[in-house]
Chemist: 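Got a structure for you, questions after.
Given the structure is predicted, the values throughout are model-derived calculations rather than measurements.
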Amino acid sequence: MKLLLPFHLHKVGAGFPSPATDYVEDDIDLNAHLIKNIPSTFLIRVQGKSMNSIGIHDGDLLVVDRSLNPKNFSTVIANINEELVVKTFIKEKEQSFLSSGSKKLNDKINLTENPEILIWGIVTYTIHAL
């Protein structure tokens, strides 16, 4: 399904205002910009505040791609005890961890010691209201 929205040619400034124009370049399909691999991509809504420190808030929509492999500090969706959670993937030496952004070692989940925990996908975009 395509979702076409007007796309303005001019960029919006984040500093002092400049003269505005009403020139619309073209329509834009958000799917084409947010989804790279359609068969392996899904959306999921966040519940909770544990990831606020990295800009993911309660009620946000996450675009998740299951075809990607996690890199160090990727935001991932993991299956922990049959529950999907959003965490940060951390690789240190020969071990991998999941974290909610805390730097405390006891707040990290060691994936090497917990092989039953599965990474379901990589968060590629966060959509949230201002």
Chemist: Is there a side-chain contact between Phe89 and Leu111 (heavy atoms, below 4.5 Å)?
Modeler: yes
Chemist: Does a side-chain heavy-atom distance below 4.5 Å link Asn37 with Arg66?
Modeler: no
Chemist: Just by distance, no angles: are the side chains of Lys87 and Ser100 close enough, under 3.5 Å, to form a donor-acceptor pair?
Modeler: yes
Chemist: Decide yes or no on side chain to side chain contact (heavy atoms under 4.5 Å, CB included) for Phe73 and Ile90, but give the supporting numbers first.
Modeler: CA-CA 5 Å; Phe73 297 106; Ile90 301 169; 4.0 Å; yes
Chemist: Does the side chain of His128 reach to within under 4.5 Å of the side chain of Leu61, using non-hydrogen atoms?
Modeler: no
Chemist: Walk me through it: do Val63 and Leu43 pass the test side chain to side chain contact (heavy atoms under 4.5 Å, CB included)?
Modeler: CA-CA 5 Å; Val63 179; Leu43 297 175; 3.4 Å; yes
Chemist: Between Ile44 and Val86, is any pair of side-chain heavy atoms under 4.5 Å apart?
Modeler: no
Chemist: Atom OG1 in Thr75, atom CE in Met51: separation rounded to 0.5 Å?
Modeler: 5.0 Å
Chemist: Can you give me the closest heavy-atom contact between Ser74 and Ile122, atom names plus distance?
Modeler: CB-CG2, 4.3 Å
Chemist: Can you confirm whether Asn81 is buried at CG, in the sense that more than 12 heavy atoms of other residues, nucleotides or ligands lie under 6.0 Å from that atom?
Modeler: no
Chemist: Evaluate the side chain to side chain contact (heavy atoms under 4.5 Å, CB included) criterion for residues Leu34 and Ile127: first the C-alpha distance (whole Å), next the side-chain angles of each, then the deciding distance (0.1 Å), finally the verdict.
Modeler: CA-CA 10 Å; Leu34 299 179; Ile127 304 168; 4.2 Å; yes
Chemist: Look at atom NZ of Lys49 and say whether more than 12 heavy atoms of other residues, nucleotides or ligands are closer to it than 6.0 Å.
Modeler: no
Chemist: Linking I/L/V/M/F/W/Y whenever any side-chain heavy atoms sit under 4.5 Å apart, do Ile77 and Ile56 land together?
Modeler: yes
Chemist: Contact between Val64 and Trp120 at the side-chain level, heavy atoms closer than 4.5 Å - yes or no?
Modeler: no
Chemist: So Thr112 and Glu94, do their side chains get closer than 4.5 Å, heavy atoms only?
Modeler: no
Chemist: Looking at side-chain heavy atoms only, is the closest gap between Ile80 and Leu98 below 4.5 Å?
Modeler: yes
Chemist: How many angstroms lie between atom CD1 of Ile35 and atom OG of Ser40, to the nearest 0.5 angstrom?
Modeler: 9.5 Å
Chemist: Go through it in stages, so that I can follow the logic: the residues are Lys108 and Glu92, the test is side chain to side chain contact (heavy atoms under 4.5 Å, CB included), and I'd like the CA-CA distance, side-chain angles, deciding distance and then a yes or no.
Modeler: CA-CA 12 Å; Lys108 294 179 182 176; Glu92 294 176 352; 3.1 Å; yes
Chemist: Can you measure from NE2 (His57) to OG1 (Thr126) and round to the nearest 0.5 angstrom?
Modeler: 9.0 Å
Chemist: Can you tell if the side chain of Leu62 reaches within under 4.5 Å of the side chain of Tyr125, non-hydrogen atoms only?
Modeler: no
Chemist: Which heavy atom of Asp65 sits nearest to which heavy atom of Thr41, and what is that distance?
Modeler: CG-OG1, 4.0 Å
